[in-house]
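When a ligand or atom number is given, it counts from 1 through the structure's own listing order.
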Amino acid sequence: MGQGAAAGTPPFAAETAVELVGVGKSFGPVTAVRELSLAIRRGEVLTLLGPSGCGKTTLLNMIAGFEEPSAGRILIDGRDVTEVPPYLRDTGMVFQSYALFPHMDVFENVAFGLRMRKLPKAKIAAEVMRALEMVKLGGLERRRVRQLSGGQQQRVALARAIVLRPKVLLLDEPLSALDKNLRAQMQVELKELHERTRLTTLFVTHDQGEALSLSDRIVVMSRGEIQQIAAPIELYRHPANSFVASFIGEINRLPPARCRLSGGEIVFSLAGIELTAARRDDLALGDGQQVHLFVRPEHLAVAAEAAGGRNRIACRVVTHVYQGTHTLTRVEAGALGVLQLRVPGGAVIERAPPGSEIGVEINLDEAVALPD
Ligand SMILES: Nc1ncnc2c1ncn2[C@@H]1O[C@H](COP(=O)(O)OP(=O)(O)OP(=O)(O)O)[C@@H](O)[C@H]1O
Ligand SMILES: [Mg+2]
């Protein structure tokens with residue numbers, strides 16, 4: 001900003017489809033979105049992920065033009081649209097509730113935006129049929145919306161958004177109303193749809209699994225603020241803070257630890273015991289530093305013997321939750337509190353029933369260590 005480019009427009013990178021510059025929104029005393037800056041890259045699926053009330057819908061509504069920012073500028077394809085009304089912004093939106101027209105059939109719902117643009121009839125028909133084919137609704141164009149399943153209604157809402165060939169597709173929890181199986185199926189279809197259209201997409205969800213599977217990059221939000229922006233794998237393996245660590249996937253939080261560097265190892269002293277990890281370049285840990293360790297359930301394993309060996313803790317089994325491919329086993333680990341393990345298969349349920357003593361090995365080589 002403030003570089004005084006021609007006509008007062010900020011510098012703009014061609015790979016950026018949407019740019020938010022210091023955008024914030026308050027409703028009276030409530031700050032829904034704190035001033036933040038964010039660029040959506042052309043063709044990517046960027047996901048806003050965060051708990052209920054963290055400002056996801058508000059941010060989407062500001063980009064679509066349904067809410068006016070209290071601060072900042074919004075650019076789409078380099079054009080400042082902050083004062084441009086929604087229908088002139090070239091955005092396509094699927095709302096949290098699909099907001100279809102119940103009295104119209106599928107065709108008319110999808111054609112609506114094109115009719116508003118006064119396109120010729122034949123062109124409208126061709127575009128609508130193309131969009132319906134894309135969401136696999138070909139043949140249902142004369143059905144009433146009321147006569148469709150939840151998944152089909154969701155597809156109509158998607159077709160209605162993509163038919164306008166928007167510069168950015170804004171999807172506000174489009175799958176939240178669907179049951180688990182249909183949701184998983186639609187996740188795959190959304191991914192395929194994106195591969196076909198390459199539409200720049202801003203996807204909103206509070207479901208971390210959905211975010212991990214659908215996104216090129218994820219923006220983790222909490223209380224109107226960005227906590228971290230990263231690709232799914234990066235976010236899972238290197239969360240920037242304890243909020244992100246706990247929000248993305250299952251994770252065990254260990255008691256505060258003090259580090260000591262010893263040869264090629266880091267020794268963590270916590271709750272009266274010592275655990276070790278191989279030294280890593282990505283962990284800038286100094287001697288005597290206080291940290292919190294976060295360990296994924298897949299990095300805990302049932303040991304052959306109860307005691308002895310590296311990072312082996314004597315534990316008592318509390319419960320098993322069988323999940324088909326694996327079992328989530330909760331154990332009481334003395335001073336470390338309750339830990340959760342992800343054990344392949346289901347054999348552990350019979351081998352170590354609740355109440356039995358087992359040894360658990362903690363692999364800290366991929367643990368997240370955050371400064372206290
Ligand atoms: N029109 C409004 N007037 C007053 N407060 C509002 C309004 N819209 C949203 N808020 C508040 O702003 C905050 C963010 O709301 P928002 O709807 O953006 O959250 P969200 O992340 O989309 O949540 P959810 O996952 O439940 O949909 C909340 O505290 C909400 O109560
Ligand atoms: Mg919302």
Side-chain angles (χ1 to χ4, degrees), residues 18-40 45-74 76 81-83 85-86 89 91-100 150 153-154 157-158 160-161 166 168-180 182-184 186-187 190 200-215 217-230 232 235 239-249:
V18 178
E19 190 169 13
L20 309 182
V21 186
V23 170
K25 177 71 184 178
S26 302
F27 297 100
V30 178
T31 304
V33 176
R34 271 181 212 286
E35 288 181 28
L36 56 82
S37 296
L38 177 66
I40 309 176
V45 177
L46 184 69
T47 295
L48 299 179
L49 173 68
S52 186
C54 74
K56 306 181 295 293
T57 297
T58 305
L59 201 55
L60 219 61
N61 280 339
M62 288 193 284
I63 297 171
F66 302 123
E67 292 284 6
E68 192 189 333
S70 313
R73 315 300 303 169
I74 296 171
I76 297 179
V81 297
T82 317
E83 263 102 60
R89 285 195 185 193
T91 60
M93 181 131 169
V94 174
F95 296 89
Q96 217 162 345
S97 57
Y98 312 140
L100 298 173
Q153 291 186 29
Q154 200 276 337
L158 265 177
R160 192 175 58 174
V168 55
L169 184 59
L170 306 168
L171 304 176
D172 194 356
E173 310 221 20
L175 309 182
S176 61
L178 307 178
D179 68 44
K180 199 163 177 278
L182 192 51
R183 210 179 155 126
M186 284 305 300
Q187 282 174 12
L190 266 184
T200 304
T201 304
L202 185 58
F203 183 85
V204 166
T205 183
H206 60 254
D207 178 329
Q208 39 106 358
E210 199 163 281
L212 289 173
S213 61
L214 281 177
S215 321
R217 292 189 303 151
I218 299 173
V219 181
V220 181
M221 291 181 68
S222 162
R223 298 161 183 258
E225 280 180 299
I226 294 177
Q227 300 295 319
Q228 188 173 4
I229 306 177
L235 212 55
N241 57 42
S242 61
F243 178 84
V244 178
S246 312
F247 197 74
I248 309 288

Colleague: Is it true that some N/O/S atom of Ser52, main chain or side chain, lies under 2.8 Å from the Mg ion (ligand 2)?
Modeller: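 So Ser52 does not bind the Mg ion (ligand 2) by this criterion.
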Colleague: For atom 27 (O) of ligand 1, find the nearest protein heavy atom and state the residue, atom name and distance (0.1 Å precision).
Modeller: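 Here the closest protein heavy atom is Gln96 NE2, 2.9 Å.
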Colleague: At their closest point, which heavy atom of Ala211 faces which heavy atom of Thr205, and how far apart are they?
Modeller: CB-CG2, 3.9 Å
Colleague: Stepwise, does the side-chain contact (heavy atoms from CB on, under 4.5 Å) test hold for Leu59 with Leu20?
Modeller: CA-CA 10 Å; Leu59 201 55; Leu20 309 182; 3.9 Å; yes
Colleague: Please tell me if atom 23 (O) of ligand 1 is touched by the protein, where touching means a protein heavy-atom distance below 4.0 Å.
Modeller: yes
Colleague: Please indicate whether any nitrogen or oxygen in Ala32 is less than 3.5 Å from any nitrogen or oxygen in ligand 1.
Modeller: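 N/O-N/O distance under 3.5 Å: no.
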Colleague: Show which atoms of ligand 1 fall inside a sub-4.0 Å distance from at least one heavy-atom site of Glu173.
Modeller: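 Within the 4.0 Å cut-off of Glu173, ligand 1 contributes 25 (O).
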Colleague: Short check: is a protein heavy atom less than 4.0 Å from atom 4 (C) of ligand 1?
Modeller: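 Yes.
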Colleague: Can you measure from CG (Leu202) to CG (Leu38) and round to the nearest 0.5 angstrom?
Modeller: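 CG of Leu38 is found 7.5 Å from CG of Leu202.
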Colleague: Considering both backbone and side-chain atoms of Val30, is one of its nitrogen or oxygen atoms within less than 3.5 Å of a nitrogen or oxygen in ligand 1?
Modeller: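 It does not: no N or O of Val30 is found under 3.5 Å from an N or O of ligand 1.
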Colleague: How far is atom 14 (C) of ligand 1 from its nearest protein heavy atom, and which residue and atom name does that atom have?
Modeller: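 The closest one turns out to be Gly53 O, 3.4 Å.
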Colleague: Keeping Thr31 on the side-chain end and Ser26 on the backbone end, is there a donor-acceptor pair under 3.5 Å?
Modeller: no
Colleague: Judged on heavy-atom distance to atom 16 (P) of ligand 1, which of Asp172, Leu49, Thr58, Asn61 sits nearest?
Modeller: Thr58
Colleague: Can you list the atoms of ligand 1 that are under 4.0 Å from a heavy atom of Thr57?
Modeller: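 Near Thr57, the atoms of ligand 1 are 17 (O), 18 (O), 20 (P), 22 (O), 27 (O).
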Colleague: Please report the closest heavy-atom contact between Gly22 and Ser37, naming both atoms and the distance.
Modeller: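 Looking at all heavy atoms of both residues, the closest pair is N-OG, 2.9 Å.
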Colleague: Is atom CZ of Arg217 surrounded by more than 12 heavy atoms (other residues, nucleotides or ligands) closer than 6.0 Å?
Modeller: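 Enclosed: over 12 neighbouring heavy atoms sit under 6.0 Å from CZ of Arg217.
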Colleague: Please state which option from Lys25, Met221, Lys56 has its nearest heavy atom closest to atom 21 (O) of ligand 1.
Modeller: Lys56
Colleague: At what distance, to the nearest 0.5 angstrom, does CG of Leu48 lie from CG of Leu170?
Modeller: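 These two atoms lie 9.5 Å from each other.
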Colleague: Which pair of non-hydrogen atoms, one from Arg89 and one from Ile63, has the smallest distance, and what is that distance?
Modeller: NH1-O, 3.0 Å
Colleague: Polar-atom distance check: Phe27 versus ligand 1, any N or O pair below 3.5 Å?
Modeller: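 In fact, backbone or side chain, Phe27 has no N or O that close.
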Colleague: Ignoring hydrogens and angles, tell me if any N or O in the side chain of Thr82 forms a donor-acceptor pair with the backbone of Ile74 under 3.5 Å.
Modeller: yes
Colleague: Given Ser52, Gly50, Gly224, identify the one with the heavy atom nearest to atom 26 (O) of ligand 1.
Modeller: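 Residue with the shortest heavy-atom distance to the ligand atom: Ser52.
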